Structure formats: structure tokens, C-alpha cells
Amino acid sequence: MKKKILTAVLLCGLACILCGCSGVEPEKRLYPMVMSVDHENGRYRVTYGMADLPGSTGQEKPEEGENPGNVSLSGRDFDEIDREYDRSQEKYLDVSHLEVLILGEGLIRQGQCAALMNHLKKDPLVGEDLYVFRASDVDAVMAYQGEDNESIGGYLVGIYENRPYTQKKSGVTLRQVYNSWYGQKGLPALPLIKLRESGPYL
């Protein structure tokens, strides 16, 4: 009897998935590749930089020179920021493609990282393999747009992954940050993103 009930539940779940009633269609989602977080005047500021996923979302590819733009939100805590996103944005926020997290110096200097760590930790869609950086001017870093509309997220991931095996650098992952943070050591040493005319560098 238990096997029959389990089979029925699994079949119902599969039917819902195939019919699309249990989720949001890909073209109705927003896929950030990079997320920056800073803290100023008692408020957190979160900026999402979108991934270029025209193939998987059914969206048209941006024209040359066109910037899909970032989504920036602020609030006293991350619950308020989530509510602000829901109020102001049409598409569902899907952070499963997040590959880069950039922490602002204001967030770090003011000791405001605890709330962020707890917020990220409880979100099952945030992968622990994403790379973590720090920046003194997160707005300028997030505004970067390279050749062929390359975003700062794609650029930073490329620094680590688009190299021959013998030349690859090892970045700091969110898993390492968690291990350090919850081991009562605070943040580990994070790569600092700097800007020059030719673009960002570490």
C-alpha cells in the first residue's frame, strides 16, 4: 500500500513538472550572474548583474552596445530588499546561475556581514562554488561592460576559468567564506577588484 501511495505521489509530481504548473517559465525569470552587496547610512544595497542567457530563456540576444542593465535595491535588511524586488520587478528572481559575489568595503568595515551570510545560507538556490571578491567602489565595478557586452561577472569568472590548467588561479569560494565565517575567524582574505582605464583587475 505504501508503495502504491508513493508511486501515485511521484506520478503527480512528475505531471506537475511536465505541465509547468509547479514552476515559473524560463522567459519569466531574471538570472543574475553577479551580485554585489554594500552597506551605507544604515541600509544595505544589493545590485544584481544579469547573466546573458538568451538561449535558455527564450529571450532575444541584446544588440551590440546594448546593456540590459543592473537591478539595484536597498533596505534596512534583506527581507525588506526581497519585498522591494517583488514590488518593483516583473520577473521572478532566479539566483541559481549566480557565479560572483562582490562585497563592498562599507559592508566589511562596518561589520555588517553577519546578516548577509545568514541570508545567503538559508537560500538553497545560492551555490557555494561561486567566487567572492571585495571592492572599494562596487557601483563602478558593477557598471563595467567589456567587449561584446561582457559583464563584470563574466570577466571575473574568466580570470579563473579561461586559463590553461598550469596557469589557473584559485579564487575564494563562498564555501570557503562560510567555513571561515562560521568557524569564528571572520572573513578570509578576499581578492580586491581594482579599476583602470583598460578595465578591472585583481
Side-chain angles (χ1 to χ4, degrees), residues 16-17 20-51 53 56-57 59 68-144 151-153 156-157 171-188 190 193:
C16 283
I17 291 172
C21 60
S22 63
V24 180
E25 296 172 4
E27 64 270 16
K28 295 180 180 178
R29 297 174 182 237
L30 215 54
Y31 298 91
M33 181 182 188
V34 56
M35 170 184 175
S36 71
V37 185
D38 209 349
H39 190 270
E40 187 177 19
N41 298 325
R43 295 178 70 83
Y44 293 95
R45 187 172 76 260
V46 175
T47 301
Y48 296 105
M50 297 307 123
L53 298 173
S56 62
T57 64
Q59 300 170 354
N70 296 329
V71 175
S72 292
L73 306 156
S74 67
R76 290 165 294 181
D77 55 43
F78 291 99
D79 288 337
E80 183 178 339
I81 289 173
D82 287 343
R83 291 193 298 270
E84 178 59 27
Y85 180 90
D86 290 338
R87 283 194 299 265
S88 64
Q89 301 298 315
E90 175 189 3
K91 295 186 177 182
Y92 171 76
L93 183 66
D94 186 335
V95 294
S96 61
H97 291 275
L98 203 61
E99 295 190 49
V100 173
L101 172 64
I102 303 173
L103 306 184
E105 292 293 346
L107 180 83
I108 297 171
R109 283 198 311 268
Q110 296 171 31
Q112 297 295 327
C113 292
L116 173 63
M117 294 297 116
N118 294 334
H119 176 72
L120 295 174
K121 191 75 173 173
K122 71 181 183 182
D123 191 335
L125 293 180
V126 177
E128 295 186 5
D129 290 331
L130 62 84
Y131 296 114
V132 185
F133 302 84
R134 65 193 296 168
S136 56
D137 189 345
V138 290
D139 292 337
V141 169
M142 291 295 290
Y144 169 79
S151 70
I152 185 62
L156 292 171
V157 169
V172 177
T173 66
L174 185 58
R175 182 177 294 109
Q176 292 171 299
V177 171
Y178 284 157
N179 290 340
S180 179
W181 183 264
Y182 291 109
Q184 306 302 318
K185 302 174 187 176
L187 290 174
L190 300 175
I193 306 170

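It should be emphasised that the depicted structure is a prediction, and the values quoted were computed from it without experimental measurement.
The side chain to side chain contact (heavy atoms under 4.5 Å, CB included) check on Arg175 picks up Glu128, Asp129, Thr173, Asn179, with sequence neighbours excluded. When the side chain to side chain contact (heavy atoms under 4.5 Å, CB included) test is applied to Arg109, the partners found at least two apart in sequence or on another chain are Glu105. The side chain to side chain donor-acceptor pair (under 3.5 Å) test applied to Ser72 returns Thr47, not counting sequence neighbours. Partners of Tyr182 by side chain to side chain donor-acceptor pair (under 3.5 Å), not counting sequence neighbours, listed by chain and number: Asn118. In terms of the side chain to side chain donor-acceptor pair (under 3.5 Å) criterion, residue partners of Gln112 (sequence neighbours excluded) are, by chain and number, Tyr44. Residues passing the side chain to side chain donor-acceptor pair (under 3.5 Å) test with Tyr48, sequence neighbours excluded: none. Shown here are the side chain to side chain contact (heavy atoms under 4.5 Å, CB included) partners of Lys122, two or more places apart in sequence or in another chain: Asp79, His119. Under the side chain to side chain contact (heavy atoms under 4.5 Å, CB included) criterion, Asp137 pairs with Asp139, Ala140, not counting sequence neighbours.
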Step by step, would you call Leu101 with Val177 a side-chain contact (heavy atoms from CB on, under 4.5 Å)?
CA-CA 11 Å; Leu101 172 64; Val177 171; over 6 Å; no
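Taking each heavy atom of Gly186 and Ser180 in turn, the nearest pair found is O-OG, 2.6 Å. The nearest pair of heavy atoms linking Val100 to Gly153 is CG2-O, 3.9 Å. Of all the heavy atoms in Pro32 and Val95, the pair that sits closest is CG-CG1, 4.1 Å. The two residues Val141 and Ala135 have their closest heavy-atom pair at CG2-CB, 4.0 Å. The two residues Leu30 and Met50 make their nearest non-hydrogen contact at CG-SD, 3.4 Å.
Counting heavy atoms from C-beta outward, Phe78 and Leu120 have side chains that stay 4.5 Å or more apart. Put simply, the side chain of Val132 does not reach to within 4.5 Å of the side chain of Leu187, judged on heavy atoms. The closest side-chain heavy-atom distance from Val71 to Leu93 is not below 4.5 Å.
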Table please: side-chain donor-acceptor pairs of residues 33-40 below 3.5 Å, with sequence neighbours left out.
{"unit_1": "Asp38", "atom_1": "OD1", "unit_2": "Gly106", "atom_2": "N", "d": "3.3"}
{"unit_1": "Asp38", "atom_1": "OD1", "unit_2": "Leu107", "atom_2": "N", "d": "3.1"}
{"unit_1": "His39", "atom_1": "ND1", "unit_2": "Gln110", "atom_2": "OE1", "d": "2.6"}

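The structure places CG of Leu190 at 9.5 Å from CZ of Phe133, a figure rounded to the nearest 0.5 Å. Rounding to the nearest 0.5 angstrom, the gap separating the OH atom in Tyr144 from the CG atom in Leu156 is 9.0 Å. One finds the CD1 atom of Ile108 at 4.0 Å from the CZ atom of Arg134 (value rounded to the nearest 0.5 Å). A distance of 6.5 Å separates CE of Met117 from CG of Leu174, quoted to the nearest 0.5 Å. In this structure, CG on Leu130 lies 13.5 Å from NE2 on His97, to the nearest 0.5 angstrom. Here the CD atom belonging to Gln176 is positioned 10.0 Å from the OH atom belonging to Tyr131, to the nearest 0.5 angstrom.
Within a 6.0 Å sphere centred on CZ of Arg76, heavy atoms belonging to other residues, nucleotides or ligands number 12 at most.
Proximity of a side-chain donor or acceptor of Tyr85 to a complementary backbone N or O of Leu73 within less than 3.5 Å is not detected.
The stretch residues 110-120 participates, sequence neighbours left out, in no salt bridge (Lys or Arg N to Asp or Glu O under 4.0 Å) pair at all.
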